[in-house]
Amino acid sequence: MFMNRSETNLMSGRRSDRSRSAEGSLIGSGHDNRNLHPWRKSMPLIWILFWLALLGPATRASDIVSAGTGLWDAPSTWKGGMVPGAGDHVFVEAGHSVSLMSDQFCADLNLHAVGGQKRLVTGPFRLQVGGKLRAFTGAAPGAGTSSLPSSPGWIDTAGGGRIVAVGNSRALTLAGEWGANPPGWNLVIAAAPRQTLTCNTALKAGNIQVVSGTLAMNGALRLAPDHGSVGSGSVAVEAGAVLQLGSNASIQRVAAASLTSHCGSVLIRGTLSFPGTVGPIGAARVEFSGTVEYTAASAQTLVTRGGNAAGAEPSQYMDLRIGGSGAKSLGVPTQIDGTLSVTGTASLSAGGHALFYGEASTLEYSGTEAQETSDAEFPPTGGPRHLRIANPAGVTLHASRMVGGVLALVVGDLIAGPNVLTQGGTSTGSGDVVGTVRRFDLGRTPRSFGNPHNTITFESDVAPSSMDVKLIKSSPAGFAQAVLRTYVMTPQGGDEAIGTIRLRYLDGELNGNNEAGLALFRFDGQQWILHQKTDADETENWVQCTGLRPSSSWTISSSTIPAVVLVHLFAVIDRDTIVLHWETIDESSTAGFNILSSAGGNDAATCVNREVIEARASGLHEGLRYRYRDRTPPSAGQRRYWLERVLINGSREVYGPVGPGGS
């Protein structure tokens, strides 16, 4: 169906000068139409609805074809006199040159690749393209081409102008419809957030800038910054934007790597992603001040300059992310100034090269399956300043290592096993170091051992020269009522040092204990000694006590179910009898005692006393001294004795054995 010019302009929302006057007479152009019949007032709307119904949803925006050289916004430049708008497919034919005098918009930009004449001149202005970049060898629409003229002026953006690719995910170029040339122009990728513009051909321009969204090079294609000479052109990926290079894709001026293949600069302030086999980067300057990630589900070698021998090695990273699976090998000696993050099941391999860390560096493990450190990313010397554990499945320490800065246990545990983590800084987070943490900086300032709520503070200038604290996530042997934690403290020197101990537990480790009544217990080599808390926090899950000597084994239990409360237990021969002596320090849950005895060998122990020996301070946080005389002659074998404590709740605990003269 044929539509006249005014109707076409009305439908597309664009109006040439000629159509504006026609519209004025149709709508009313300021005339008083209040006395018109109602159906006559609605005539413009009726016509619009009529055309919409007639054209249907399959109608596409116009193909706007150049009529000659001229200005973009001049009707005379275009066949039919209609100036292109945001939804139109623009064709600039061979021999024509179109110049911008203001910012303009179109859908597809179709240029005709005959000769090296200028097709588009932007001056200082922007042309926003919402569709594809296309090139043709003949008249519109013509046949596609796989190459473009190599003249730097074919698209002329001198004066600061640029072609800006905007909009949602789509193919920006298609094979056979765009080539690797021309050089020398300014291209900006400004896709909508989380949208991807994909190149299915090589893409060359003088300056290529990704300011938003993602530019993806599909397959072994080349992103080619080039102003027409060696060492010219730039690629810049701004913060929040992504450049994704397909398998074997490269960044270099020309296809073959050589002494003259490098561009001027590659600046990554956003993200550079390698989801497949890594190709080279050839640039005189490479700056990775953003994030570079390697995410293939297979082995990868980190990017190098390859055969671009005059280019700089891309070897210094701010943030390097190792993801996917398989070994990611260093291609050159590499430095990390920000964060090296190991995710997924991937691992880092040195590949015969050294890895260096800057002063503010962090090593992070953030997988979802169990991970293990290695010498490659956690070397024995020159390692990261900070360590961050963000893996709920936990991370295993492969060898003894030191963390001088922040130990961030965000989620999940660091499992030291037989190794030692030497800690020199602060701690944050909710995880633990399961195993041994060592410190050399003890004193009046609280020092954390793993989790920030496991701390020891010494109350005088006298402190051990170093101290190990080992966390075992189970109740100690012989103290089944304790929470599911044992802390073993081993100081070096400072035997008389007194300190404040704060120990942590988890709600899931209470093991039936009353949280409000938790206290610290220390094993003195024979029994567990209660130390009533001086502070506690049931939200942060810690118990604290002051005035202690931090040594031996410690655990946590509620005061209503105390552990062993004996100061000592021993037996002596007195004439023809044996006397047992014991002393308690807390009888808050003790009902009484029994004496068990055995003649030795395989004889079973039997109860000596006929009735339970009553605890005289039963129910009180007090202790007393006791003695019991067994009138069994000492000559009746090599006797052994046990003390059975009967608790108020009916349960029983047994201590011993001891023999005459023993304790």
Side-chain angles (χ1 to χ4, degrees), residues 2-23 60-145 147-165 173 177-179 181-187 205-206:
F2 176 79
M3 294 177 59
N4 65 38
R5 200 71 205 148
S6 295
E7 291 164 344
T8 304
N9 287 330
L10 183 63
M11 294 305 300
S12 64
R14 296 171 304 280
R15 302 172 178 88
S16 66
D17 293 339
R18 185 178 303 170
S19 66
R20 290 192 185 98
S21 61
E23 178 193 312
R60 56 166 281 170
S62 300
D63 289 345
I64 309 298
V65 183
S66 65
T69 295
L71 302 179
W72 183 286
D73 54 1
S76 60
T77 303
W78 309 102
K79 293 179 180 180
M82 188 170 80
V83 175
D88 290 325
H89 305 274
V90 173
F91 293 81
V92 180
E93 294 197 271
H96 299 166
S97 178
V98 178
S99 299
L100 274 61
M101 297 302 293
S102 62
D103 290 348
Q104 297 294 338
F105 307 85
C106 69
D108 294 350
L109 177 62
N110 304 272
L111 303 176
H112 295 275
V114 177
Q117 309 102 321
K118 289 180 172 63
R119 293 290 173 268
L120 187 66
V121 180
T122 66
F125 305 109
R126 298 178 301 170
L127 174 60
Q128 296 194 38
V129 177
K132 294 189 289 292
L133 298 176
R134 307 172 75 197
F136 296 93
T137 57
T145 181
S147 63
L148 294 175
S150 59
S151 167
W154 197 67
I155 300 177
D156 187 348
T157 57
R162 49 206 180 275
I163 308 298
V164 183
T173 66
E177 292 189 356
W178 194 262
N181 289 311
W185 55 292
N186 296 327
L187 173 63

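Count residues from 1 along the sequence. Below, all heavy atoms of this structure are taken into account, side chains as well, without hydrogens, waters or symmetry copies. Because the structure is predicted, anything quoted here is derived from the model rather than measured.
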Report task. Side-chain contact test, heavy atoms from C-beta onward, threshold under 4.5 Å: evaluate it for L120 versus L109 and give yes or no. Result -> yes
**Report entry** Nearest non-hydrogen partners of W185 and A205, listed with the distance
**Finding:** O-CB, 3.4 Å
Query - Atom of A94, atom of R119 and distance for their closest heavy-atom approach - result: CA-NH2, 3.8 Å
Report task. Considering non-hydrogen atoms only, spot the tightest contact between K79 and A67 and give its length. Result -> N-CB, 3.7 Å
Report summary line: Of all heavy-atom pairs linking N110 and H89, the shortest is ND2-C, 4.1 Å
Query raised in the report: If you measure from CD1 on I155 to NZ on K118, what distance do you get to the nearest 0.5 Å?
Result: 12.0 Å
Report task. Could you grab the distance from atom CD of E177 to atom CZ of F136, nearest 0.5 Å is fine? Result -> 5.0 Å
Query raised in the report: Within a strict 4.5 Å, meaning less than it, do heavy atoms of the V83 and P75 side chains meet?
Result: yes
Query - With sequence neighbours excluded, residues passing side chain to side chain donor-acceptor pair (under 3.5 Å) with N186 - result: T157, N207
Report task. Go through the structure and list residues passing side chain to side chain contact (heavy atoms under 4.5 Å, CB included) with Q104, not counting sequence neighbours. Result -> W72, D73, L100, S102, L127
Report task. Taking side chain to side chain donor-acceptor pair (under 3.5 Å) as the test, write out the residues that go with T122, two or more places apart. Result -> none
Report summary line: One should read off an interatomic distance between K132 NZ and T173 OG1, to the nearest 0.5 angstrom, of 10.0 Å
Requested in this report: Tell me, please, which residues at least two apart from A74 pass side chain to side chain contact (heavy atoms under 4.5 Å, CB included).
Outcome: L71, S76, T77
Query raised in the report: Taking only residues two or more places apart in sequence or in another chain, which ones pass side chain to side chain contact (heavy atoms under 4.5 Å, CB included) with A135?
Result: T145, L148, W178
Requested in this report: Output every pair passing salt bridge (charged side-chain N to carboxylate O under 4.0 Å, His left out) with a member in residues 94-105, not counting sequence neighbours, ordered by first then second residue.
Outcome: D103-R126
Query - Heavy-atom donor-acceptor pair, S62 side chain to D88 backbone, under 3.5 Å - result: no
Query raised in the report: Minimum heavy-atom separation for D108 to C106, with atom names?
Result: O-SG, 3.9 Å
Query raised in the report: Closest heavy-atom contact between V90 and P84?
Result: CG2-CB, 3.5 Å
**Report entry** Point-to-point distance, once rounded to the nearest 0.5 Å, from CG of L111 to CZ of R134
**Finding:** 11.0 Å
